[in-house]
Colleague: 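Before anything else, here's the structure in question.
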Amino acid sequence: MPRSTRLSHLPPRVLGIVQAGGQGSRMDVLTRERAKPALPWGGTHQLIDFALSNLANSGIADVWVSVQYLAGSLDEHLQSGRPWDLDRNRGGYRRLVPEAGRAPVSGGFSTGNADDLFRTHDEIARHAPDLVVVSSADHVFACDLRPILAAHLEAGAVTTILTAEVPKSEASHKAVVRTCGRDRALADNGVRAREVEALDYKPERAAGTTVATEIFIYSTAALLDTLAALRRDRDQAGALDDPADSGLGDFGERLLPALIESGPVLAVDIGSYWRDVGRPAAYVQSHRDLVRGRVGLLADPAWPITTTTPHPAPARIRDGARLADCAVAGGCDVAGEVVGSVLGPGVRIERGARVVDSVLFAAVHVAAGAVVQTSVIDEQTRIGRGARVGAHAAGRLTDGRIALVGRDCMVRPGQQLPAGARLEPGTR
């Protein structure tokens, strides 16, 4: 692969790739009719807003969004990158989708995020960036990538992994990063990094609590050479039954271990709030964090998390309503009780209704006497008079304790849905 011919005194050319993922089956009924990055967050945003805003705010002008499952559910929101100033005549926003008629490992659906990068190998090579920043699209975070990019270049790293600290109970769902040596300061800008010696990908029992956030900086030549070499090794070993499968899977299976072996690979703490919200428990917990004041990502005018949500009418809080630790979007009409919850645009809570520890998407209607607890209710759903959905989840939050109700459902008056219930979209 030809190396970059850019002059050394020019700033690096950086390509951002947002991996908007596959089916998102862990979110169950909430992703039957939408891509997971299109899930609402905080009553005002969609999950993909965080990745796009952080790339755009960091001055990365060329951003590709790789999406496979229900790609159309993102199109209206993304608007060709306009909200993030990425709609340009040259470069800017580009949506990558599986294509028929191309080489088997270039088109089609990927089998993981490393395989997804392999399928765009030729496109990346033609674009010829110096660095590639890859970000997942279902994380809530804020991070200025500019100083980390400078540190990556100064250290001559092949890859930089942004990391975060999580409880051990969560680490087994992630890639646990093991480092060696002491922190070292880089680029005279406050960035401190450690060299990575190994990666434990989704271990049964995590030995550490430092995990990869699925935000990576790759030196382009090293990335493309490694992707090609790994595929070539699998071809020569005859280990692939399906020619459309590169055998690379997710980043933690083969790609990052190979890059760590060639090195150097750096680990840099993300330094701000970060949470992977791809599971119901993590999704609800992130909203708990929001209403309890642990997330300041949406309140920093110097680092806006941009979205395309229109400005509806102001929320209306009626006499006698009770709200505590809530986030309420525009257009809501609240006459009942809402505690520790997030209401999307146009939600209506009648007098005598009670919503606790829950996330309600746009235009949900909770009738008088109904109770919703530790639940996620998709848009246009009606909870009938006196109905009960979910139950309060005290202690550690798990996926099985959260009730999920799909889009455009009707929970009949007096009906009871227990904790952990799942209601498919359109259920009456």
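Not measured: the values here are computed from a predicted model. One is the number of the first residue; the rest follow in order along the sequence.
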Colleague: Between E379 and D408, is there a side-chain heavy-atom distance shorter than 4.5 Å?
Modeller: no
Colleague: If you round to the nearest 0.5 Å, how far is CD1 of I402 from CE of M27?
Modeller: 8.0 Å
Colleague: May I ask you to check whether F141 and Y273 place their ring centers less than 6.0 Å from one another?
Modeller: no
Colleague: Around atom CZ of R428, are there more than 12 heavy atoms of other residues, nucleotides or ligands at under 6.0 Å?
Modeller: yes
Colleague: Any non-hydrogen side-chain atom of W64 less than 4.5 Å from a side-chain atom of H127?
Modeller: yes
Colleague: To the nearest 0.5 Å, tell me how far T213 OG1 sits from I161 CD1.
Modeller: 9.0 Å
Colleague: Tell me yes or no: between the side chains of S136 and Q19, is some donor less than 3.5 Å from an acceptor?
Modeller: no
Colleague: Considering non-hydrogen atoms only, spot the tightest contact between V158 and G263 and give its length.
Modeller: CG1-O, 3.5 Å
Colleague: When V134 is tested against each of I217, L15, L117, V18 for side chain to side chain contact (heavy atoms under 4.5 Å, CB included), which residue passes?
Modeller: L117
Colleague: Give the minimum heavy-atom separation between E197 and T179, together with the two atoms involved.
Modeller: OE2-O, 3.7 Å
Colleague: Write down the atom of V67, the atom of A20, and the distance for their closest heavy-atom approach.
Modeller: CB-CB, 3.8 Å
Colleague: Answer yes or no: is there a donor N or O on one side and an acceptor on the other, between the side chain of D116 and the main chain of G112, under 3.5 Å?
Modeller: no
Colleague: Strictly below 4.0 Å, N to O, side chains only: are R279 and E170 in salt-bridge contact?
Modeller: no
Colleague: How about V196 and L199: do any of their side-chain heavy atoms sit closer than 4.5 Å?
Modeller: no
Colleague: What residue among I17, T159, V14 forms side chain to side chain contact (heavy atoms under 4.5 Å, CB included) with V132?
Modeller: I17
Colleague: Between R34 and L30 (side chain of the first, backbone of the second, donor and acceptor by atom type, cut-off under 3.5 Å), is there such a pair?
Modeller: yes
Colleague: Side chain of D378, backbone of V405: donor and acceptor closer than 3.5 Å?
Modeller: no
Colleague: Do any N or O atoms from the side chain of S358 and from the backbone of V355 form a donor-acceptor pair under 3.5 angstrom?
Modeller: no
Colleague: With H173, which residues qualify under ring-ring contact (aromatic ring centres under 6.0 Å, His included), at least two apart?
Modeller: none
Colleague: Before giving the answer on side-chain hydrogen bond (donor to acceptor under 3.5 Å, both in side chains), spell out for H45 and T306 the whole-Å C-alpha distance, their side-chain angles and the decisive distance to 0.1 Å.
Modeller: CA-CA 8 Å; H45 288 68; T306 306; over 6 Å; no
Colleague: More than 12 heavy atoms of other residues, nucleotides or ligands under 6.0 Å from CZ of R88: yes or no?
Modeller: yes
Colleague: Between R318, H365, R348, which is the residue that forms a side-chain hydrogen bond (donor to acceptor under 3.5 Å, both in side chains) with D333?
Modeller: R318
Colleague: Any salt bridge between D28 and R32, counting N to O under 4.0 Å?
Modeller: yes
Colleague: Find out whether S341 and V291 are in side-chain contact, i.e. whether some heavy atom of one side chain is under 4.5 Å from a heavy atom of the other.
Modeller: no
Colleague: Does the side chain of N57 come under 3.5 Å of the side chain of W84 through a donor N or O and an acceptor N or O?
Modeller: no
Colleague: Please lay out, stage by stage, how E253 and L248 fare under the test side chain to side chain contact (heavy atoms under 4.5 Å, CB included).
Modeller: CA-CA 7 Å; E253 295 177 37; L248 295 177; over 6 Å; no
Colleague: Taking 4.0 angstrom as the limit, do R94 and D62 come out as a salt bridge?
Modeller: no
Colleague: Can you check whether N54 reaches W303 side chain to side chain, under 4.5 Å on heavy atoms?
Modeller: yes
Colleague: Is the shortest heavy-atom distance from the side chain of P12 to the side chain of L153 under 4.5 Å?
Modeller: yes
Colleague: With no hydrogens and no angle check, just 3.5 Å: does a side-chain donor-acceptor pair link H77 and T308?
Modeller: yes
Colleague: Under 3.5 Å, is there a donor-acceptor pair between the side chain of S375 and the main chain of Q373?
Modeller: yes
Colleague: Taking C-beta and beyond as the side chain, do F361 and V347 meet within less than 4.5 Å on heavy atoms?
Modeller: no
Colleague: At what distance, to the nearest 0.5 angstrom, does CG of L404 lie from CG of L417?
Modeller: 11.0 Å
Colleague: Kindly determine whether R192 and D269 satisfy salt bridge (Lys or Arg N to Asp or Glu O under 4.0 Å), including the steps that lead there.
Modeller: CA-CA 8 Å; R192 303 190 68 84; D269 187 88; over 6 Å; no
Colleague: Please report the closest heavy-atom contact between A193 and V268, naming both atoms and the distance.
Modeller: CB-CG2, 3.8 Å
Colleague: Salt bridge check, D115 against R119: does any charged N sit closer than 4.0 Å to a carboxylate O?
Modeller: yes
Colleague: Check for a donor-acceptor pair, side chain of T220 on one end and backbone N or O of D130 on the other, with a separation under 3.5 Å.
Modeller: yes
Colleague: Going by heavy atoms in the side chains, are L74 and Q46 under 4.5 Å from each other?
Modeller: yes
Colleague: Which pair of non-hydrogen atoms, one from S219 and one from H152, has the smallest distance, and what is that distance?
Modeller: OG-NE2, 2.9 Å
Colleague: Between S272 and A142, is there a donor-acceptor pair closer than 3.5 Å when you use the side chain of the first and the backbone of the second?
Modeller: yes
Colleague: Mark yes or no for whether T381, through its side chain, and I377, through its backbone, hold a donor-acceptor pair below 3.5 Å.
Modeller: no
Colleague: Report the C-alpha separation of I260 and R178 in whole Å, then their side-chain angles, then the decisive distance to 0.1 Å, and conclude whether the side chain to side chain contact (heavy atoms under 4.5 Å, CB included) test is met.
Modeller: CA-CA 11 Å; I260 291 168; R178 287 190 277 145; over 6 Å; no
Colleague: Considering non-hydrogen atoms only, spot the tightest contact between D75 and R95 and give its length.
Modeller: OD1-NH1, 2.5 Å
Colleague: Hey, could you give me the OG/CG distance between S172 and D200, rounded to the nearest 0.5 Å?
Modeller: 12.0 Å
Colleague: What's the separation between atom NE2 in H139 and atom CD1 in I48, rounded to the nearest 0.5 Å?
Modeller: 12.5 Å
Colleague: Has T427 got a side-chain atom pairing as donor or acceptor with L423's backbone, closer than 3.5 angstrom?
Modeller: no
Colleague: Assess the residue pair T210 and E165 against the criterion (side-chain hydrogen bond (donor to acceptor under 3.5 Å, both in side chains)); give the C-alpha distance rounded to whole Å, side-chain angles, the decisive distance to 0.1 Å, and a yes or no.
Modeller: CA-CA 5 Å; T210 302; E165 296 297 320; 2.5 Å; yes
Colleague: Passes side chain to side chain contact (heavy atoms under 4.5 Å, CB included), C143 versus I148? Steps please.
Modeller: CA-CA 9 Å; C143 181; I148 305 174; 3.7 Å; yes
Colleague: Parallel, tilted or perpendicular: which describes the rings of W41 and H287, with under 30° parallel and over 60° perpendicular?
Modeller: tilted
Colleague: From L256 CG over to Y218 OH, what is the distance, rounded to the nearest 0.5 angstrom?
Modeller: 4.5 Å
Colleague: Side chain to side chain contact (heavy atoms under 4.5 Å, CB included) for T163 and I270? Distances and angles first, verdict last.
Modeller: CA-CA 6 Å; T163 62; I270 195 168; over 6 Å; no
Colleague: Hey, does the side chain of S58 reach the backbone of L145 with a donor-acceptor pair shorter than 3.5 angstrom?
Modeller: yes
Colleague: Could you walk me through whether D325 and R292 pass the salt bridge (Lys or Arg N to Asp or Glu O under 4.0 Å) test, one step at a time?
Modeller: CA-CA 6 Å; D325 290 334; R292 293 170 184 172; over 6 Å; no
